[in-house]
Every structure is written in C-alpha cells, then in structure tokens.
Amino acid sequence: LFDFVRNAISRRNNWTVPARRHSWQSTVYPSRQVNNVGTLVIARDTSGSVDNEMLAKFNAYGNQAIQAIGGRTLCIDCDARICGETWVEVGDELPNKANGGGGTDFRPVFSRVQELTEAGEDFAGLVYITDLAGTFPDEPPPFPCLWLSINSSIAPFGRTIEIS
C-alpha cells in the first residue's frame, strides 16, 4: 500500500536548485521536487458480503493511505451502485458508516472517476478495498489501480494485495 501511494506522488530532479546537503562537494547534485500529488480515490466495497468488522479493516487501510499521501482523498462507497461519496481533507479520516448491502459491481466507481477526470479533477490513483467478488470493467483504467482484497483472488488489472 505504501509503495503504491509513494509512487503515486511524482518526484523528479530539480537542476535549477542544487541539493544543499551535497553543497560541500565539487559535484553539483540536483534537489528533489515533489509535483502536485492529485487526488487519491479510495473505493470501499459495501456489498452484502462486507460486515462491520471488514468495514473497520477497510477504514484502517484507507486511513493509512490517506496519511501516507498527505493530500485530498475521495472516498466512494459502492455495492452494485455508488452509495455515497465523501471528500476527505488532510488530517481527516474515512467515515465509519457506509451505505450499501446489495451485490457488487466495480464499474460504477471507475465510471465516476472517469466522469470527474473529464470535469478537470486530477487523480493520482485508485485504491479499491474489497473481497473481489463482483463485476469488473471490460478495460483497465488510464490511472494506477491497487486492489486490497480480503481473499486470495486476483483482479484482472492493476495490482492486487491480499490483506488480513
């Protein structure tokens, strides 16, 4: 999770401002510049197969991602449809309550992120916390996707990590 979030933050060399910690050397080293992070999307599976204990786990992992990126986050709750959206600012945590309880369809979240991207929102990536029992989009998204799964299934695209 931390590798995914860390890689979502674009860092590059800045040759116009040399690194101060190497100023004593005869060679000029670049400083590191952090680009605009963009918004992290955390999607929570709120289908009937997810109980309160699992939701608490989902929130723990999601809150770790929010702290690691240190930026604005969009939390989307989804079962067969989007059941709620919450913008989480730096220092806040994911809401403890989630609506849902139906079947699982991952496509509405990807459609919503695409819709917001077309409206001008800049996304760093998507972390989907789920049991991976649902309908996936036909095509992978144009942004990085990490699946945190509570079982050993593998998503058809992106990176999948089993959580316990």
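Since the structure is predicted, the reported quantities are computational estimates derived from the model, not experimental observations.
For the side-chain contact (heavy atoms from CB on, under 4.5 Å) with Glu93, the lone residue among Val88, Asn63, Thr73 that qualifies is Asn63.
Residues that satisfy the salt bridge (charged side-chain N to carboxylate O under 4.0 Å, His left out) test with Glu118, not counting sequence neighbours, are absent from this structure. Taking the side chain to side chain donor-acceptor pair (under 3.5 Å) definition, one finds that Asp92 meets it with nothing, sequence neighbours left out. Under the rule for a salt bridge (charged side-chain N to carboxylate O under 4.0 Å, His left out), Arg81 has no partner lying at least two apart in sequence or in another chain.
Judged purely by atom type and a 3.5 angstrom limit, Asn151 uses its side chain to pair as donor or acceptor with the backbone of Asp131. Asp105 places no side-chain N or O within 3.5 Å of a backbone atom of Gly134 that could act as its donor or acceptor partner.
Taking a 6.0 Å sphere around CD of Glu53, one finds it holds 12 or fewer heavy atoms contributed by other residues, nucleotides or ligands. Residue Asp138 places its CG atom among 12 or fewer non-hydrogen atoms of other residues, nucleotides or ligands, all under 6.0 Å distant. By the 6.0 Å contact criterion, CD on Glu115 is enclosed, its count of non-hydrogen atoms from other residues, nucleotides or ligands being greater than 12.
The distance from atom CD1 of Ile161 to atom CG of Leu148, rounded to the nearest 0.5 Å, is 6.0 Å. Rounding to the nearest 0.5 Å places CD1 of Ile76 at 10.5 Å from CD1 of Ile42. Here CG of Leu132 is found 4.0 Å from OG of Ser149. Values are rounded to the nearest 0.5 Å. For the atom pair CZ of Arg159 and SG of Cys145, the computed distance is 12.0 Å after rounding to the nearest 0.5 Å. Interatomic distance, CZ of Phe143 versus OG1 of Thr117, reported as 6.5 Å (0.5 Å rounding). The OG atom of Ser111 lies 11.0 Å from the CG atom of Leu116; values are rounded to the nearest 0.5 Å.
Heavy atoms only, all atoms of each residue included: Leu74 and Thr39 are closest at N-CG2, 3.9 Å. Pro108 and Ala80 make their closest contact through CG-O, 3.7 Å (heavy atoms, listed as atom of the first residue, atom of the second, distance). Counting all heavy atoms, side chain and backbone alike, Asp45 lies closest to Phe58 at O-CE1, 3.6 Å.
For the pair Pro142 and Gln114, the minimum side-chain heavy-atom distance is below 4.5 Å. Between Val127 and Leu40, the closest side-chain pair of non-hydrogen atoms falls below 4.5 Å. You'll find the side chain of Ile163 reaches within 4.5 Å of the side chain of Ile150, heavy atoms only. Thr135 is listed as a side-chain neighbour of Arg107, based on a closest heavy-atom distance under 4.5 Å. Side-chain contact check for Pro144 versus Leu146: every heavy-atom pair is 4.5 Å or farther apart. Contact of the Arg44 side chain with the Cys78 side chain is not registered, since no non-hydrogen atoms from C-beta on lie closer than 4.5 Å. A 4.5 Å side-chain heavy-atom check between Leu126 and Phe110 finds at least one atom pair inside the cut-off.
By the criterion of side-chain heavy atoms lying less than 4.5 angstrom apart, applied directly or through intervening Ile, Leu, Val, Met, Phe, Trp or Tyr residues, Phe106 is not grouped with Ile154; the two fall into different hydrophobic clusters.
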CA sep, side-chain torsions, deciding dist, call: Phe136, Tyr128, ring pair (Phe, Tyr, Trp, His ring centres under 6.0 Å): CA-CA 12 Å; Phe136 292 89; Tyr128 213 123; 8.6 Å; no
Audit row: Asn96, Asn59, side chain to side chain contact (heavy atoms under 4.5 Å, CB included) steps and yes/no: CA-CA 7 Å; Asn96 290 326; Asn59 281 350; 3.7 Å; yes
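Side-chain atoms of Asp79 and Ser47 include no donor-acceptor pair closer than 3.5 Å.
Geometric assessment of Arg72 against the ring of Trp87 yields a positive cation-pi assignment under the 6.0 Å and 45° thresholds.
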